[in-house]
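The structure under discussion appears below in the form of structure tokens.
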There are 2 protein chains.
Amino acid sequence: MKNSGERSTIQDVAKLAGVSTMTVSRALAPNASISIKSRLKVESAINELNYRPNVSARRLASDKSFFIGLLYDNPSAAYVSQFISGAMRKCRRLGFHLVVDECNGDDENILATAKNLQDELALDGAILLPPLCDNVKLVDYLLSRSISVVRIAPDIDINRTPYICINDYEAAFKVTEHLIKLGHHKIAFIKGDPKIGASRLRLQGYIDAMHSQNLTIADEYIQYGAFTYKSGLIASANLLNLSTPPTAIFAANDDMASAAIATINRLGFSVPEDISVVGFDDSPIATTMWPSLSTVQQPMTDMSEKAIELFSQGKINPEALTTDRIRNVLNFTIMQRESIAPAPALLDQKKQP
Amino acid sequence: MKNSGERSTIQDVAKLAGVSTMTVSRALAPNASISIKSRLKVESAINELNYRPNVSARRLASDKSFFIGLLYDNPSAAYVSQFISGAMRKCRRLGFHLVVDECNGDDENILATAKNLQDELALDGAILLPPLCDNVKLVDYLLSRSISVVRIAPDIDINRTPYICINDYEAAFKVTEHLIKLGHHKIAFIKGDPKIGASRLRLQGYIDAMHSQNLTIADEYIQYGAFTYKSGLIASANLLNLSTPPTAIFAANDDMASAAIATINRLGFSVPEDISVVGFDDSPIATTMWPSLSTVQQPMTDMSEKAIELFSQGKINPEALTTDRIRNVLNFTIMQRESIAPAPALLDQKKQP
DNA sequence: TAACAATTAGTTATCGATAACAATACTGAG
DNA sequence: CTCAGTATTGTTATCGATAACTAATTGTTA
């Protein structure tokens, strides 16, 4: 190992391994033709010297840019920043640069931002966060410029690019099932933004879980929501004003769930004694709230690291996409916190102003 | 202008300007000796070709890295991500790369993370967000490696490095003054994390504004807080349980202010009719809340862009630091929203469970 | 005005990697 | 065993910029 401060170069590795620099370079490339013997020699030299290629030199010499764009529209700051931090770290390790950009507005604007970014940096890859992951025009454009695309939780054209997600359906199913096991029968659901595919899956998971236990769902128990706090306030107020309010509210994300808690408290009920509340995403608000919010945790760091890894495993070219490369479904965790409890034996209190 | 897709190089500029590439290079450097005539020729050629230097080539050829580290400890995700987005954009424009890293834990850990980053990337500059901006050991280390440092809202060794902030004192003063003008006399304050310098300034602004109007502050009206939602819940509950609760609560950040709103609602009072609430920072929660929160907006994008600009204006070397380069105090904005109203004529309701 | 500094501009080598081509080492068929 | 054909490895030029040196120009002073 060279004395710290000085980084070792490909020349050092080549000398130590007793091969040419090209052989080292080839050992690093995913699809190069190189003998096993050389590869081993090079690999051990790399380890010994703790060598890592100089990105700038690479970028200059090759036609690749090693830039990966992370494009998002308007998911919550928390969602984005959680995703970023894992992706950044992984990028650094693998010699990529992450370029984060917000694509706002209508389709035209979004496309313009993407084009601009591309003109400026010549992206090698792009990661699309919801709801951009389902923007067909954007995907078309990126693929037409032969930019590798990885989508997070897409709902459309599932097999067109590799994607990463959790099983939203199953998560919602299990949460609902759990509430039922705690004795809840009157479970309401606050839907998410219909533009985001996962909303549909979460709703369906809830519905199917209810039906699987032979529970019927009153129409009014499924409320419209849009992933915003405000929409959660309205939806939860609607639910509490029903003649028979629910004993549990399952919201499609944490912002709406925390709005539900606020409403419940404001109307003189308490969480979880009177009404249990569950959210989705495990965003920071879930633990800043009091009572803390039970929710579904997505493994954001794993997801973002996985996304970057996909780029490094050779070019993601459409023909070579095997199913196991395309589908990357990671495990969720149900975070049980203070906001849920067994159903109250009887709920006959009246709300008081 | 070259046909889009192809970027023009320094050679193109040199040819068009009728000079050598070195002259172009020098025209771009901050302290190079070059005649006005050549500089003008080069500049117009650069404009015509829309030339922007290739960062990789630069990094390879020079001893600079063009990496700027953005180090933060644990300010809210919202604070960091707002800062990042401006900084990223500016970096792209000026040919830097922003490397974002979280430095957690005790001083030793923080230092280790910074050293690691430095070994890996050889930073040209570092931006320190609070509370890292006041970590003397960290600043010492970075300066000792001759990394340019820009600090955000520092409280210690103010003149050691350039810094960027708003006038927290004045903002707090004006907010308090505004509440007083609305007829509030019983104004309480929830303090921020004492590790963060701005906390002290915000408190002092509040105190001085009260005194300037000859209002006295009951001891119990100044509550301990730590910038967290939970600490805001406790502090506000304390305030509402006083025999004469305040008619206005000013919290040193939005998280605590929103906790205050939650407590007020839970105890059967309403905002702003019974009690006005003001926060600080204009974080996303301020507008997701209902009622929306009046607060002080820091110009985060301006701050982050300014920070990056400082690096590009030649090396920030300690000797050349004039006062006007060091101090960068930007303007805040008081965001008046739904959570404040004139003081109630009389507050004689009792809280009801 | 000649002689010498000080400024400004140009030339060449270099950073660390890969592309494209050239050379060599293996392989199996005849 | 030889030779074509393939698999592997090496050589040289190159990416786009700057450092370090050299050359030319300008300005100053005796």
Side-chain angles (χ1 to χ4, degrees), chain A residues 2 6-43 45-46 49-67 94-97 120-122 124 314-315, chain B residues 2 6-43 45-46 49-67 94-97 120-122 124 314-315:
Chain A
K2 277 198 146 179
E6 284 297 304
R7 268 179 72 159
S8 42
T9 71
I10 201 171
Q11 333 279 346
D12 302 323
V13 176
K15 200 188 293 175
L16 182 62
V19 297
S20 73
T21 59
M22 267 319 291
T23 302
V24 178
S25 177
R26 280 191 267 256
L28 262 34
N31 309 318
S33 66
I34 181 176
S35 67
I36 299 178
K37 215 169 56 177
S38 313
R39 160 158 276 141
L40 289 176
K41 278 193 293 186
V42 170
E43 274 171 2
I46 285 179
L49 294 173
N50 190 29
Y51 164 78
R52 293 209 281 105
N54 180 314
V55 185
S56 300
R58 265 194 162 171
R59 180 159 26 230
L60 197 56
S62 73
D63 56 351
K64 303 200 201 73
S65 73
F66 296 93
F67 282 121
L94 297 177
F96 289 103
H97 277 301
E120 209 165 311
L121 299 173
D124 275 352
K315 198 95 181 165
Chain B
K2 276 196 146 181
E6 284 297 304
R7 267 179 73 160
S8 42
T9 72
I10 201 172
Q11 332 279 348
D12 301 325
V13 176
K15 199 187 296 174
L16 182 62
V19 297
S20 72
T21 60
M22 266 319 291
T23 302
V24 178
S25 179
R26 279 191 267 257
L28 262 34
N31 309 318
S33 65
I34 181 175
S35 67
I36 299 177
K37 214 170 57 177
S38 315
R39 161 157 276 140
L40 288 177
K41 276 193 294 186
V42 169
E43 274 171 3
I46 285 178
L49 294 173
N50 189 28
Y51 164 76
R52 292 209 282 104
N54 180 315
V55 186
S56 299
R58 265 192 161 172
R59 178 156 32 226
L60 196 57
S62 74
D63 57 351
K64 304 201 202 72
S65 73
F66 296 93
F67 282 121
L94 296 178
F96 290 102
H97 277 300
E120 208 166 313
L121 299 174
D124 274 353
K315 198 95 179 164

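Within every chain, numbering begins at 1; the chains are lettered A, B, ... in the order of the sequence lines, protein sequences first and strands thereafter.
Considering only side-chain atoms of B:Asn54, the nucleotide from D:dG10, D:dA17, C:dT18 that sits closest is D:dA17. With D:dT11, D:dA17, C:dA17 as the candidates, the nucleotide lying closest to the side chain of B:Arg58 is D:dA17. Across D:dA19, D:dC15, D:dA17, the shortest atom-to-atom separation from the side chain of B:Met22 is found for D:dA19. Side-chain atoms of A:Ala57 lie closest to C:dA17 of the nucleotides C:dA17, D:dA17, D:dG16. Checking C:dA17, D:dT18, D:dT8 against every side-chain atom of A:Ser33, the shortest atom distance belongs to D:dT8. Closest contact between the side chain of B:Thr23 and the listed nucleotides C:dG10, D:dT18, D:dC15 involves C:dG10. In the set C:dG16, C:dA17, D:dT9, the nucleotide with an atom closest to the side chain of A:Pro53 is C:dA17. The nucleotide whose nearest atom lies closest to any side-chain atom of B:Ser62 is, among D:dA19, C:dA17, C:dA9, D:dA19.
The nearest pair of heavy atoms linking A:Leu16 to A:Leu49 is CD2-CG, 3.9 Å.
To the nearest angstrom, P of C:dA9 lies 21 Å from NZ of B:Lys15. Straight-line distance from the CD1 atom of B:Ile10 to the P atom of C:dT11: 14 Å, rounded to whole Å. Regarding B:Lys37, its NZ atom lies at a distance of 11 Å from the C1' atom of C:dT8, rounded to whole Å. Atom-to-atom, CG of A:Leu60 to C1' of D:dT18 comes out at 12 Å; the value is rounded to the nearest Å. Look at CZ on B:Arg59: it is 18 Å from C1' on D:dA19, rounded to the nearest Å. Remark: C1' of D:dT8 and CZ of A:Arg39 are 12 Å apart, rounded to the nearest angstrom. Protein atom CG of A:Asp12 is 9 Å distant from nucleotide atom P of C:dA17, rounded to whole Å. In this structure, the CZ atom of A:Arg52 is 16 Å from the C1' atom of C:dA17, given to the nearest Å.
Axis deviation across the helix from C:dT1-D:dA30 to C:dG30-D:dC1 amounts to 40°, comparing end segments of five pairs, rounded to 10 degrees.
Of the inter-residue distances, the one linking B:Ser20 atom OG with B:Gln11 atom CD reads 10.5 Å to the nearest 0.5 angstrom.
Two residues are said to be in side-chain contact when any heavy atoms from C-beta on lie closer than 4.5 Å; B:Glu43 and B:Arg39 meet this criterion. Using a 4.5 Å heavy-atom cutoff, the side chains of A:Thr9 and A:Asn54 are not in contact.
Checking the phosphate oxygens (OP1, OP2) of D:dT9, a side-chain nitrogen or oxygen of A:Ser35 falls inside 4.0 Å. Residue A:Thr21 has no polar side-chain atom (N or O) positioned under 4.0 Å from OP1 or OP2 of C:dA17.
Between A:Tyr51 and the choices A:Asp12, A:Ile46, A:Val42, the side-chain contact (heavy atoms from CB on, under 4.5 Å) rule is met once, by A:Ile46.
Using a 4.0 Å heavy-atom criterion, one finds that B:Tyr51 contacts the sugar-phosphate atoms exclusively. Backbone-only contact: A:Val19 has heavy atoms under 4.0 Å from sugar-phosphate atoms and none from a base.
A donor-acceptor distance shorter than 3.5 angstrom exists from the side chain of A:Arg7 to the backbone of A:Arg52, with no hydrogens or angles considered.
Note on ring orientation: taking the six-membered ring where Trp is involved, the planes of B:His97 and A:His97 are parallel (angle under 30°, cut-offs 30° and 60°).
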task = Under the side-chain contact (heavy atoms from CB on, under 4.5 Å) rule, what do A:Arg58 and A:Leu28 come out as? Steps first, then yes or no, please.
result = CA-CA 12 Å; A:Arg58 265 194 162 171; A:Leu28 262 34; 4.0 Å; yes
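Under 3.5 Å, the side chain of A:Arg26 and the base of D:dG10 form at least one donor-acceptor pair of N or O atoms.
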